[in-house]
There are 2 protein chains.
Amino acid sequence: MLERSRLDASRRARFAVSAPTLADVAELAGVSRQTVSNAVNNPDLLRADTLARVQQAIDQLGYKPNRAARNLRTRSSHLIGLRISPVQEGTASAVMDRFVHSLVETSGEAGYHVLLFTSDAQVTGDPLAGYDELLRSTAVDAFIVTDTYLGEGQASWLRERRAPFVAFGRPWDDANARHPWVDIDCAAGAELATRHLIDKGHTRIAWIGWKKDSVLGEERRSGWLSAMHGAGLPTTGLASRVEDAVGSGRSAAQVMLDEATPTAFVCASDTLAIGVMHALAERGLQAGDDIAVVGFDDSQVAQTVWPGLTSVRQPLEQAAIEVVKALEGLLSTPPQVGPSVMLTPTLEIRGTSGPDRS
Amino acid sequence: MLERSRLDASRRARFAVSAPTLADVAELAGVSRQTVSNAVNNPDLLRADTLARVQQAIDQLGYKPNRAARNLRTRSSHLIGLRISPVQEGTASAVMDRFVHSLVETSGEAGYHVLLFTSDAQVTGDPLAGYDELLRSTAVDAFIVTDTYLGEGQASWLRERRAPFVAFGRPWDDANARHPWVDIDCAAGAELATRHLIDKGHTRIAWIGWKKDSVLGEERRSGWLSAMHGAGLPTTGLASRVEDAVGSGRSAAQVMLDEATPTAFVCASDTLAIGVMHALAERGLQAGDDIAVVGFDDSQVAQTVWPGLTSVRQPLEQAAIEVVKALEGLLSTPPQVGPSVMLTPTLEIRGTSGPDRS
DNA sequence: TCCAGGTGTTGGAACGATCAAGGCTGGACG
DNA sequence: CGTCCAGCCTTGATCGTTCCAACACCTGGA
């Protein structure tokens with residue numbers, strides 16, 4: 001008892017705010033360290049009255065387990081690594097923002113925190129360097145991998161090193177990958193967008209999409225294609241594949257308007273859709289009234305631009321929830337790998353859809 | 001030697017990928033653990049040949065110090081907590097995205113990682129609960145506080161608990177706060193925007209800003225006011241204070257156009273500026289050609305909307321760099337608190353500025 | 001030859017938690 | 001009455017690193 005308070009005193013002298021430890025709680029409650037540990041982690045192992053006593057001591061001291069000590073002993077950090085990609089200035093996409101937010105919230109509820117890192121590709125030349133460092137220093141328990149369509153081989157790299165991870169985005173480059181993943185059926189999204197325009201009476205609906213080397217772009221394009229074919233509508237001369245930039249969308253639309261007389265545009269991204277709207281504005285045409293436009297991502301731009309850009313909205317909040325669910329399975333003992341999840345997007349209808357053409 | 005390899009074997013049996021430890025490196029290099037530790041943390045303590053030998057062993061085994069063990073011993077995690085605020089749907093602001101990205105990059109170079117958490121205010125009712133948990137479990141070394149204009153008392157709360165933190169945003173509510181902070185001189189930004197319009201020949205320049213209880217809004221408004229006064233221009237009847245929403249900006253602009261015949265608008269946010277552009281579109285007016293509009297934040301919307309929204313751009317990348325710099329001072333021993341930093345925004349000139357009116 | 005003084009290296013203890021195994025109680029059962 | 005067992009709690013060891021104090025080695029001067 002005496003020795004104890006001496007220890008306290010010396011500790012208090014060195015550290016202004018010294019967090020209470022398991023031992024402090026144990027002493028106050030008159031039990032052993034392990035019992036306090038059990039009270040925190042396996043409360044049902046204790047007798048009710050003991051638990052209450054320990055609990056009260058915990059509250060009284062404001063005890064919280066020391067993260068570092070727990071991490072060391074349990075060989076886990078309860079941290080999840082997420083690599084964020086560079087901000088794309090001049091585009092309309094803000095997909096990550098919503099996803100990250102929902103991810104932080106959901107994983108917090110599951111007892112995990114999200115740790116961010118960047119690719120540093122411009123520094124080291126290796127886009128996977130960030131993963132390597134966190135993995136080898138055992139800083140995170142698992143990763144969440146995005147941007148799988150870039151074909152950087154993140155997934156196979158991580159699997160080789162037996163690092164647990166969940167992908168947001170299907171394994172485009174590896175058909176027999178066995179890791180858990182969650183993705184959004186963007187072909188269904190494009191199909192939804194196209195059908196919406198067909199329902200409104202459009203028959204000449206153009207597609208402004210990404211270049212052929214973008215798997216994601218081809219996937220979205222296939223949704224437009226199947227909706228058009230399903231309705232028996234022509235598609236020849238109505239598709240364009242360009243860079244994902246406002247200017248590209250604009251010039252693609254100009255060409256299309258001159259050569260194919262479309263009455264509506266479906267775009268692979270809001271960025272391209274905004275480009276189409278620029279082209280219309282330059283001709284004195286009003287998006288919606290004269291020609292319909294639908295975008296993809298439901299970005300802030302789509303939400304705020306006049307007169308409101310109809311856009312495919314990805315269920316990113318739901319995606320984050322599914323990712324965390326898969327992660328929990330992966331990190332439980334024994335690890336449980338559930339089936340992969342494919343979510344369906346919705347359509348946010350706004351002014352650029354225009355009135356019905358009947 | 002024999003015992004060592006037995007240990008290795010049993011370890012390998014339990015953990016598929018077992019990271020090498022300090023002891024492993026020490027044995028391979030034929031030195032003690034402490035020497036390896038020194039090689040990593042204080043290389044200049046070793047003789048050149050010893051260092052080389054240890055370094056080679058480190059490379060050979062691919063050794064990285066175990067984070068948890070190091071954290072436990074040094075009582076620091078090299079993690080920085082950042083609370084992210086809820087995503088604002090339907091607005092144009094995306095300030096955080098750029099700031100967070102730059103922060104992750106800069107702090108990474110300084111050896112720190114960023115850990116995200118949410119306020120959970122809707123769950124616990126206490127916006128500071130997230131801070132408390134991370135602080136008491138010693139999960140982070142420091143915090144970066146944003147949204148200081150909300151008046152939640154984050155700063156004073158953290159100071160009371162002696163938690164190291166740097167604020168992005170000046171201490172609006174506490175004039176004699178002593179913590180380090182970095183902020184952007186948004187009054188100067190609004191002044192810059194207004195001067196730009198004055199230079200173009202405008203004399204009746206309206207202000208669409210936030211409600212009076214927003215300190216940030218009043219600050220920005222003061223920039224407009226001083227530019228107008230400086231040029232000897234009238235301001236009566238030309239200022240409006242509304243909610244930060246597209247619809248509010250739109251109706252405020254309608255009223256203003258009817259009653260005060262302005263030829264230009266300066267807005268407290270891109271969201272409001274977009275609202276003004278809606279009002280113009282509804283009257284068949286073209287932003288830029290007919291009436292000039294300037295926004296604030298240089299959001300993706302400003303960058304992509306037709307014909308390009310002139311907007312005040314905050315130097316968020318620079319802000320993040322300054323924040324990390326302050327943080328490094330704060331976490332060094334002894335802590336060094338430098339002077340607070342105020343940065344000046346720039347103006348991104350686009351189509352809505354319109355031609356010169358001379 | 002011996003010692004002072006610096007440089008380079010070492011072994012033991014500590015950080016604060018959990019794991020694994022063992023001890024103590026009281027009641028059930030042969 | 002002795003043994004066993006289940007329930008509850010305690011003890012000692014351990015995770016991998018860094019801190020601390022001490023030790024071996026070398027050089028130069030007395």
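So you know, we letter chains A, B, ... as the sequences are listed, proteins then strands, and number each from 1.
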* Asked: Nearest to the side chain of Gln34(B) - dC20(D), dG16(C), dC19(C)?
  -> dC20(D)

* Could you state the atom-to-atom distance from NE2 of His78(A) to P of dA17(C) in whole Å? => 15 Å

* To do: Mind calculating the distance between CG (Asp49(B)) and P (dT9(C)) to the nearest angstrom?
  => 7 Å

* Between Arg33(A) and Arg33(B), which is nearer to the 5' end of DNA chain C once each is assigned its nearest nucleotide? -> Arg33(B)

* Asked: With respect to the side chain of Tyr63(B), which nucleotide from dC19(C), dT17(D), dA17(C) is positioned closest?
  -> dT17(D)

* Structure fact -> Closest to the side chain of Leu46(B), out of dT9(C), dA17(C), dG16(D), is dT9(C)

* Asked: Can a side chain N or O of Arg70(A) be found less than 4.0 Å away from OP1 or OP2 on dT18(C)?
  -> yes

* Among the candidates dA17(C), dT17(D), dG11(C), find the nucleotide nearest to the side-chain atoms of Ser32(B). => dG11(C)

* Reckon Thr74(A) touches a base, only the sugar-phosphate, or nothing at all at heavy-atom distances under 4.0 Å? -> sugar-phosphate

* To do: Determine whether the aromatic ring centres of Tyr131(A) and Phe117(A) lie less than 6.0 Å apart.
  => yes

* Structure fact -> Taking dG16(C), dG8(C), dA17(C) as options, the one with an atom nearest any side-chain atom of Pro65(A) is dA17(C)

* Looking for any heavy atom pair under 4.0 Å, which part of the strands does Asn41(A) touch: base, sugar-phosphate only, or nothing? -> sugar-phosphate

* Look at Arg47(A) and dC9(D) and indicate whether a side-chain polar atom (N or O) is within less than 4.0 Å of OP1 or OP2. => yes

* Please determine if a side-chain N or O atom of Arg75(A) lies less than 4.0 Å away from the OP1 or OP2 oxygen of dG16(D). => yes

* Parallel, tilted or perpendicular for Tyr112(B) and His78(B), by the 30°/60° rule? -> parallel

* Determine the interplanar angle of the Phe168(B) and Phe99(B) rings, folded into 0 to 90°, and report it as parallel if under 30°, tilted if 30 to 60°, perpendicular if over 60°. => parallel

* Donor-acceptor pair under 3.5 Å, Arg73(B) side chain vs dT17(D) base -> no

* Polar side-chain atom of Thr35(A) near backbone of Val31(A) as donor-acceptor pair, under 3.5 Å -> no

* Structure fact -> The nucleotide from dA20(C), dT9(C), dG16(C) with an atom nearest the side chain of Thr35(B) is dT9(C)

* Taking the six-membered ring of Trp157(B), is NZ or CZ of Arg159(B) closer than 6.0 Å to its centre and within 45° of its axis? -> no

